[in-house]
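Working notes, beginning with the structure itself.
Everything numeric here is computed off the predicted structure, so don't read it as measured data. Residue numbers start from 1 in every chain, and the chains themselves are labelled A, B, ... in the order their sequence lines are given, proteins ahead of strands.
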There are 2 protein chains.
Amino acid sequence: MDETDRRLIAALQRDATTAYAALGKEVGLSAGAAHERVRKLRERGVIRRTTVDVDPAALGQGVLAFVMVESSAWMGDSADAFAAIPEIVEAHVIAGSASVLVKVRTATTEQLQDVLRRLYAIEGVRGTQATVSLETFFERPVAALDPSATPKAL
Amino acid sequence: MDETDRRLIAALQRDATTAYAALGKEVGLSAGAAHERVRKLRERGVIRRTTVDVDPAALGQGVLAFVMVESSAWMGDSADAFAAIPEIVEAHVIAGSASVLVKVRTATTEQLQDVLRRLYAIEGVRGTQATVSLETFFERPVAALDPSATPKAL
DNA sequence: GTTGAAATAAACCACAA
DNA sequence: TTGTGGTTTATTTCAAC
């Protein structure tokens, strides 16, 4: 996992359709070498998958909200209950007063309300606190190149 | 934007390296027709880009936090100030007591603290409230197929 | 939308540093 | 162990229908 790997990752984050020849050129390697490095990054799980970034609004999911879920019990093995709600795109166990933080995308605020209803149906859920996003400044991949994030010690 | 487009999108979200021949087979189309539909989805901006999903921990960014940023002024055109902090992977203007909600990835909690310092340096920022994620249950793409999210009226 | 052919890229390999 | 260059295989891309 050196600087070249990070540059390959950054290039693939920008555009994963880039040909290996062009990818190699960008980092000073042959197509074959670039291919081999990317293959290993996938094999090691550094690159989890190749996917497409879709505009949620185009799929009719223009409403974005973050919901703090408070619970009366340990929520550590409730992942499946949250995953069963398709409108939830992220779920994290958090430190602090709430127990789980979920990110929700729906078409309308009525549907958001219905998601809250289904959240309350989860065993141990005591309350919810929803925060609606008015505008998304940006959503971007984790920085592969930022120096402050990649101490030399690693 | 019909059911076939949604199925193509769902397949590409799962694995964007799928060949058009296999993609077409999955939705009952020839490779050429599948290719043409995907090309149009890209052109219309429904599919924004093809990218790779990278494990943040493998990049040495194992700490995830959500930070509510309170402000004393309108933050609506401060997107650039937030984007200038590379550890911020998402920034949303929100309704409620705080003004902006940001998602932050760092290597250590010390670096998280440094991000908070840089947030305070942004014009108009009055306070921050950080919530650290203890465990991520899941992070997944927006649902392309869920019926509740795609009313027939659209 | 389909089929089929040409252009292009991916995957694989033997060899070299 | 990692990279190079060439060969084979597969896919993308672009016709004509």
Name the nucleic acid region contacted by A:Arg39, choosing base, sugar-phosphate or nothing; use a 4.0 angstrom heavy-atom cut-off, strictly under.
-> nothing
Starting at CG of A:Asp2 and ending at P of D:dT2, how long is that distance when rounded to a whole Å?
-> 9 Å
Rounded distance (Å) that lies between atom P of D:dG3 and atom NZ of A:Lys25 = 19 Å
So does B:Arg44 pair up with A:Asp55, basic N to acidic O under 4.0 Å?
-> no
Polar atom pairs (N or O), protein with nucleotides 7-10 of chain C, under 3.5 Å:
from   : atom 1 : to      : atom 2 : distance (Å)
C:dA10 : OP2    : A:Tyr20 : N      : 2.9

For A:Arg37 and C:dA11, what is the distance between atoms CZ and C1' respectively, to the nearest whole Å?
-> 19 Å
Should A:Leu101 and A:Glu90 count as side-chain neighbours, where that means a heavy-atom distance under 4.5 Å?
-> no
Is any NZ, NE, NH1 or NH2 atom of the basic residue among A:Arg49 and B:Asp15 found under 4.0 Å from an Asp or Glu carboxylate oxygen of the other?
-> no
Would you say A:Lys40 reaches D:dT1's phosphate, i.e. side-chain N/O to OP1/OP2 under 4.0 Å?
-> no
Could you tell me the separation between the CD atom of A:Glu36 and the C1' atom of C:dC13, rounded to a whole number of Å?
-> 12 Å
Establish, from distance only, whether the side-chain atoms of A:Arg42 and A:Thr50 form a donor-acceptor pair under 3.5 Å.
-> yes
Is a salt bridge present between B:Lys40 and B:Glu43, judged by a nitrogen-to-oxygen distance below 4.0 Å?
-> no
Give the rounded distance in Å between these two atoms: CG of B:Leu23 and C1' of C:dG1.
-> 15 Å
Run the salt-bridge test on B:Glu3 and B:Arg7 with the 4.0 Å N-O cut-off and return the result as yes or no.
-> no
